[in-house]
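Atom set for the values below is all heavy atoms of this structure, side chains included, hydrogens, waters and symmetry mates excluded. Chain A is the first sequence line, chain B the second, and so forth, proteins listed ahead of strands; every chain is numbered from 1.
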Amino acid sequence: MENPLEDVATSDLTMLQAINETLHAEMARDDRVVVLGEDVARNGGVFRATEGLFEKFGEQRVVDTPISEAVIAGATVGLAIAGLVPVAEIQFLGFSYQAMHQLAGQVARLRYRTQGRFDPSITIRAPFGGGVRTPELHSDSLEAQFANMAGLKIAMPATAADAKGLLAASIREPDPVLFLEPLRGYRGIRGDVPDGEHLVPLGVARTAREGDDIVIIAWSYQVELACRAADTLRSEGLSVRVLDLRTIVPLDIEAIATAVSHCGRAVVVQESCETGGFASEVIATISDECFWDLEAPVARVSGYDVPYPVGMLEDHYVPDEARIIAAVRHTLELA
Amino acid sequence: MENPLEDVATSDLTMLQAINETLHAEMARDDRVVVLGEDVARNGGVFRATEGLFEKFGEQRVVDTPISEAVIAGATVGLAIAGLVPVAEIQFLGFSYQAMHQLAGQVARLRYRTQGRFDPSITIRAPFGGGVRTPELHSDSLEAQFANMAGLKIAMPATAADAKGLLAASIREPDPVLFLEPLRGYRGIRGDVPDGEHLVPLGVARTAREGDDIVIIAWSYQVELACRAADTLRSEGLSVRVLDLRTIVPLDIEAIATAVSHCGRAVVVQESCETGGFASEVIATISDECFWDLEAPVARVSGYDVPYPVGMLEDHYVPDEARIIAAVRHTLELA
Amino acid sequence: MTSPSNAQLREILVDMVMARTQSGRLWNLQRQGQVGTVAPIDGHEATIVAAVHALETEHDWVAPQYREPLALRRYGPEILERFMLYSLGHPAGGHIPEPIRVLPNQISLGTQIPHAVGIAWGMTLRSEPGVALVFFGDGSSSEGDFYEAGNLAGVLNAPVVMLCVNNQWAISTPVHQQTAAESFAAKAAGFGIPGIKVDGNDAAAVYDAVDEARSRALAGKGPTLVEAVIYRLGAHTTADDPTRYVPPEDLEAARRNDPILRLRSQLEELGLWDDDAQAATEAEAMDLLDKALDAAKAMPLSPDAVLDHCFSADTQRLERQRADLLEAGQREDR
Amino acid sequence: MTSPSNAQLREILVDMVMARTQSGRLWNLQRQGQVGTVAPIDGHEATIVAAVHALETEHDWVAPQYREPLALRRYGPEILERFMLYSLGHPAGGHIPEPIRVLPNQISLGTQIPHAVGIAWGMTLRSEPGVALVFFGDGSSSEGDFYEAGNLAGVLNAPVVMLCVNNQWAISTPVHQQTAAESFAAKAAGFGIPGIKVDGNDAAAVYDAVDEARSRALAGKGPTLVEAVIYRLGAHTTADDPTRYVPPEDLEAARRNDPILRLRSQLEELGLWDDDAQAATEAEAMDLLDKALDAAKAMPLSPDAVLDHCFSADTQRLERQRADLLEAGQREDR
Ligand SMILES: Cc1ncc(C[n+]2csc(CCOP(=O)(O)OP(=O)(O)O)c2C)c(N)n1
Ligand SMILES: Cc1ncc(C[n+]2csc(CCOP(=O)(O)OP(=O)(O)O)c2C)c(N)n1
Ligand SMILES: [Mg+2]
Ligand SMILES: [Mg+2]
């Protein structure tokens with residue numbers, strides 16, 4: 001299903017450009033797609049992710065809402081019931097808390113509650129993640145909380161190509177997808193993106209670096225850091241695999257099991273606070289699937305158990321290459 | 001700090017009675033304590049947890065609010081700033097989603113945001129948990145989601161005595177505490193409760209059953225099920241320890257490590273869905289702390305990855321004694 | 001605006017009597033442990049039935065709270081059938097079949113109001129000639145969702161009819177502790193839309209109000225907030241004891257204003273109703289309910305249905321859980 | 001109701017000029033990469049300063065949104081000092097010291113409104129003679145929190161003054177897309193409280209409105225919603241490009257109505273202000289800001305401060321994390 005990038009024409013895009021182009025393409029492809037959110041229309045989104053949509057598709061299909069996250073999420077349920085394909089933006093993931101009753105209680109449960117009467121073809125896009133000195137609640141990594149809300153799929157691309165492929169797949173998916181865009185990646189991640197149709201199925205992890213000694217498991221921007229760490233360590237003769245989960249729900253359990261069984265050692269990286277972060281779930285899954293292949297405990301590299309901090313403290317909170325490298329070395333040293 | 005029950009006068013109470021008596025005692029002890037929520041005053045709460053408070057302490061200190069969970073939670077922040085000690089009830093934990101931006105973004109962060117200027121002496125009580133055929137969103141176990149919101153403490157008593165001791169400690173605590181009351185336990189759990197002052201510190205686990213072969217780690221009503229399973233297995237000659245976490249934040253990491261290191265094998269029981277449930281955190285913590293002592297992978301017994309189901313399907317969803325016993329047997333059989 | 005004809009009023013009364021009869025029967029069945037929690041309909045019949053009779057069922061959507069289902073008969077017999085499944089705790093109770101434009105019960109108060117606004121908005125985007133009617137209680141109006149949805153509906157000019165069923169109580173909380181506003185209709189000012197207050201025990205008045213709101217919406221004039229003032233004559237639900245908080249004299253006064261007595265005597269005067277009609281309707285209501293309940297009880301259900309319809313297809317994790325669940329079942333069978 | 005004296009108006013103007021001067025300076029410092037995101041105050045000065053001058057700082061609480069701090073000088077020099085720490089991203093920026101009754105900035109829109117209601121309610125419970133004044137924007141009024149809080153305040157009769165700073169924009173969203181209501185003041189009807197609309201560029205009018213609302217509240221007559229109509233003269237923040245959406249002619253018209261020009265010319269006519277006063281105030285403003293910024297820069301900060309004040313004491317997990325963090329620091333030092 002996935003195009004090997006060698007065979008297709010590609011363009012060099014930032015993740016932001018890839019997202020914007022995909023929104024353009026999906027709106028052109030399916031006229032049921034509507035975009036709604038705060039400042040998404042004339043302003044093109046505070047990060048310009050929706051730039052040009054309003055001009056191209058008009059005020060009916062690209063709609064600035066009042067500042068009401070709950071009703072942005074709640075209206076998507078009604079729009080889906082009415083046969084539309086809503087793509088809503090929550091301006092920052094931290095403000096999805098205002099919409100949690102609609103996201104966890106309604107968007108996630110429409111299919112289950114109605115036992116399949118309605119397809120919740122709903123995509124909720126939201127930027128998140130640290131490293132860019134934003135005000136409070138703009139950076140928080142909440143994916144683990146959403147992963148515990150059954151009924152939501154959660155896509156967290158780490159490359160520009162995946163941003164395109166996963167976003168297109170999310171919009172076409174009959175299940176609701178929370179599509180999380182790393183703030184640092186908007187302009188900080190770029191790469192070859194296939195031109196034309198490009199779909200990445202939800203639930204299939206990606207090997208971002210081959211390697212045999214240890215695997216670093218990550219998602220979203222942390223894949224970028226993991227790859228840098230792997231490259232640095234490779235120059236020291238260590239063979240470090242990097243597994244990019246791409247979607248945390250569905251979780252590619254088999255890919256995790258294969259990678260960990262092969263390497264025998266693993267490190268999981270996340271930006272959220274440690275307690276109850278999704279890394280715990282990955283570790284529990286590893287324990288379920290390949291405990292006997294483990295040669296050392298799986299290390300976690302996480303934010304700390306405090307609210308996402310202010311700018312001057314951010315660098316002490318957010319995992320970086322150095323902390324990942326230290327965890328890899330430590331895990332390799334363990335008997 | 002904890003009274004050994006042998007030395008003190010006790011009464012036989014249900015968990016509900018213990019909670020109600022504690023609210024009475026704490027309101028009498030400290031006139032800054034105010035109780036607010038839906039139907040908590042004249043009606044005494046839909047489960048009668050606040051029965052008699054309105055009559056005893058009056059309409060100033062026991063207040064029925066409009067049906068506005070966000071402002072119930074949000075007002076506690078203001079009340080705490082004004083020097084009161086609010087004890088708010090969310091009628092069912094599933095409706096804390098309506099208040100999530102206030103709970104996760106405000107209640108949990110008041111101390112951190114103001115760097116200690118204000119003490120968020122806030123207690124949020126909420127019933128939750130399955131097995132009693134409630135309508136949607138009344139049963140959901142959301143503790144793992146809250147555990148990933150730094151700044152909240154989370155108490156989940158499993159006995160009537162702990163309901164008293166932990167609730168009193170929560171109300172007196174300068175940090176915000178989410179106090180979760182298992183619906184099945186309200187009348188289904190009873191036992192000796194110390195008369196008079198009884199405090200159980202937050203963050204100290206309890207050994208509910210001694211045992212050496214394997215430890216079942218649980219919290220809230222699942223401790224009851226775990227104890228039943230342990231007792232059943234004991235009659236077959238197995239020595240099964242049960243560790244009651246009591247509070248999941250703070251987590252008594254040392255108690256977990258000690259129990260698991262001693263037994264070498266463990267099962268974690270939770271009612272929430274599997275993915276991202278707090279059992280994952282316990283397993284990750286075990287992996288951090290005592291990987292080398294593990295003789296088999298730690299099993300999880302959980303709800304499934306679907307929304308909490310309707311009545312006729314509930315028994316297939318909620319972990320029961322049989323599933324716990326099967327997990328224990330399975331874990332003991334593993335090489 | 002069209003007022004209901006006498007023939008329509010008679011149909012409305014039939015549905016009202018059916019709803020009350022079935023609600024009473026369900027109450028008893030709950031007491032016998034045969035069905036789950038029941039929220040009695042007594043006092044709400046005129047408002048719900050008349051509102052729904054002002055709709056075109058083919059085009060107009062209904063988003064109920066939880067007290068309405070027995071009064072939504074006009075949308076077809078499937079509503080009762082599914083509601084019996086729902087009352088048993090069968091998952092299929094949430095599946096109201098195509099093409100019926102009724103959503104299942106909503107337990108999370110107020111959350112259905114944004115859904116209705118979304119549906120209404122979606123219908124305009126698809127140029128469909130319908131409205132969305134959403135029911136919600138006086139208590140639910142205190143949720144942020146009500147306000148956010150009303151405000152968005154105003155901005156979008158969405159064809160939605162927001163019907164606040166003011167039965168004076170939210171469990172034990174009386175309206176004056178729910179809001180200090182002069183009325184619930186007065187809240188429309190915050191959305192820049194019309195707010196109408198009607199006597200909800202007067203079926204014709206409710207019909208007229210909804211009909212007018214619907215016409216406005218279809219004419220592109222946007223949403224309307226309708227407050228129907230009634231009184232909850234029964235308990236909140238089977239789990240509630242209203243004697244703890246409802247003043248008996250208020251209840252007495254309200255009973256004298258019972259919407260069914262009122263419409264009955266009006267139609268009796270016109271010679272359109274009599275004791276026989278009443279008895280026949282009640283008997284049919286019982287019969288329909290019993291049949292629907294029997295059918296519901298006969299509906300098969302496999303244990304692993306608990307995992308169905310979470311997603312459009314099982315994930316790897318759900319596949320593992322399905323295997324676990326079936327294994328656990330086998331263990332028990334042994 | 002007391003109108004502000006000329007002397008008070010002069011004090012208000014001083015604070016207004018200080019705020020604008022410092023805001024402009026901060027904008028430049030942001031451009032030089034010295035401080036984080038800045039939300040310019042231009043156009044908001046009369047509303048915020050005059051409102052705060054109508055308060056008794058010893059008793060009355062202020063719950064700001066995020067645009068206010070530079071205009072809260074009346075509450076003491078600590079406000080500026082802390083705001084500089086905040087602008088640098090220093091955690092102590094959130095700690096406004098005792099006994100100053102001002103909350104730190106609120107980023108999560110509307111969430112401070114329930115806090116203010118809680119404070120006001122708490123003050124009545126403790127029989128304290130104060131009110132809580134909460135600032136929020138036209139955009140924030142669309143959040144459920146605004147409505148839930150307003151409704152609760154109405155029911156509780158809480159001594160709160162809800163001040164909607166209607167600067168016509170919420171980032172790029174104009175007021176007519178924010179609500180179809182006739183005004184933001186009109187939303188008071190939904191809470192059963194008075195709603196007053198004032199010209200927010202008229203310092204005396206704002207002072208009077210807040211003073212009246214405060215008197216009502218202290219007299220036990222409950223909350224008031226005040227809408228101050230102004231125009232955002234600058235960008236939303238340093239991250240925003242308003243030329244994408246603000247019609248230049250509207251901005252031009254608004255500039256002619258600049259609240260500072262207006263109060264200046266009024267006081268100049270009275271002989272209470274002149275170019276020298278203006279220059280001296282601006283110079284002092286710059287000086288105060290630079291000093292506060294220097295002090296903020298000199299404020300020490302240890303890496304593991306990131307873990308402080310989450311709880312009243314470290315949990316076992318936080319102890320482990322503190323050790324990790326210090327170890328990571330040592331690795332880097334090597
Ligand atoms: C979000 C939410 N909060 C609380 C509840 C618990 N609850 C169920 S019914 C009810 C009262 C609802 O009152 P109203 O909206 O007036 O409807 P009525 O029962 O009077 O028809 C409450 C508080 C709930 N179901 N959902
Ligand atoms: C809950 C929430 N949603 C969205 C945002 C993003 N955001 C920051 S400022 C803003 C506009 C606020 O407008 P308004 O309340 O009118 O205040 P103004 O900036 O005009 O002073 C938005 C949408 C936020 N901070 N919080
Ligand atoms: Mg009601
Ligand atoms: Mg504004």
Side-chain angles (χ1 to χ4, degrees), chain B residues 31-32 34 36 60-61 63-84 86 98-99 101-102 104-106 108-120 150-153 173-176 202-203 247 249-255 285 288-289, chain D residues 61 63 90-98 100-101 103-126 128 130 132 134 143-145 147-156 158 160 305 308-320:
Chain B
D31 65 9
R32 297 171 309 158
V34 292
L36 62 152
Q60 294 276 310
R61 292 182 61 201
V63 180
D64 279 337
T65 64
I67 305 180
S68 312
E69 289 80 10
V71 86
I72 292 172
T76 67
V77 172
L79 287 166
I81 290 171
L84 283 295
Q98 264 83 351
H101 53 296
Q102 287 288 350
Q106 304 301 320
R109 298 182 194 207
L110 180 62
R111 177 185 298 285
Y112 194 70
R113 175 177 305 133
T114 68
Q115 293 283 294
R117 158 97 194 252
F118 301 111
D119 272 337
L152 284 181
K153 294 185 172 172
E173 173 84 17
D175 294 318
L202 304 177
T247 61
V249 179
L251 185 63
D252 192 345
I253 299 175
E254 283 156 24
T285 302
D288 286 346
E289 301 284 326
Chain D
W61 282 91
H90 193 292
H95 184 109
I96 296 176
E98 286 275 1
I100 299 174
R101 297 198 153 192
L103 301 188
N105 277 8
Q106 182 55 256
I107 294 300
S108 182
L109 295 173
T111 57
Q112 76 280 16
I113 313 176
H115 306 170
V117 172
I119 292 175
W121 178 12
M123 284 194 287
T124 62
L125 291 177
R126 304 189 59 156
E128 285 190 22
V134 56
E143 293 286 4
D145 278 23
Y147 296 102
E148 292 194 9
N151 189 57
L152 179 68
V155 171
L156 294 175
V160 62
D308 293 346
H309 299 297
C310 177
F311 287 128
S312 49
D314 277 0
T315 59
Q316 290 178 29
R317 177 133 293 162
L318 281 166
E319 282 168 9
R320 282 164 170 72

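A search for side chain to side chain contact (heavy atoms under 4.5 Å, CB included) contacts involving D/Glu128 returns D/Arg101, D/Met123, D/Arg126, not counting sequence neighbours. With sequence neighbours excluded, the residues satisfying salt bridge (charged side-chain N to carboxylate O under 4.0 Å, His left out) with B/Arg111 are B/Asp119, B/Asp175.
Annotation: maximal heavy-atom pairing with chain B below 4.5 Å, among D/Asp145, D/Asp308, D/Val117, D/Leu152, occurs at D/Asp145. With chain D as partner, the option from B/Pro176, B/Gly203, B/Gly74 having the largest number of non-hydrogen pairs under 4.5 angstrom is B/Gly74. Chosen from B/Val34, B/Thr65, B/Asp252, the residue pairing most often with chain D at heavy-atom distances under 4.5 Å is B/Asp252. In terms of heavy-atom pairs under 4.5 Å with chain D, the best-connected choice from B/Thr76, B/Asp31, B/Val63 is B/Val63. Among B/Ala82, B/Gly78, B/Gly105, the residue with the largest count of heavy-atom pairs under 4.5 Å with chain D is B/Gly78.
In this structure, the portions of D/Pro91 lying under 4.5 Å from any heavy atom of chain B include both its backbone and its side chain. Proximity to chain D is limited to the backbone of B/Leu152, based on heavy atoms less than 4.5 angstrom apart. Neither the backbone nor the side chain of D/Leu318 comes within contact range of chain B; no heavy atom of the residue lies under 4.5 Å from a heavy atom of that chain. In this structure, the portions of B/Gln60 lying under 4.5 Å from any heavy atom of chain D include both its backbone and its side chain. Within the 4.5 angstrom heavy-atom criterion, only side-chain atoms of D/Leu156, from C-beta onward, approach chain B. For chain D, the nearby part of B/Glu69 is the backbone; its heavy atoms alone come within less than 4.5 Å.
Residues D/Gln106 and D/His115 have side chains in contact (heavy-atom distance under 4.5 Å, counting atoms from C-beta outward). Counting heavy atoms from C-beta outward, D/Val160 and D/Ile113 have side chains that stay 4.5 Å or more apart.
To the nearest 0.5 Å, the span separating CD1 on B/Ile72 from CG on B/Leu36 amounts to 6.5 Å.
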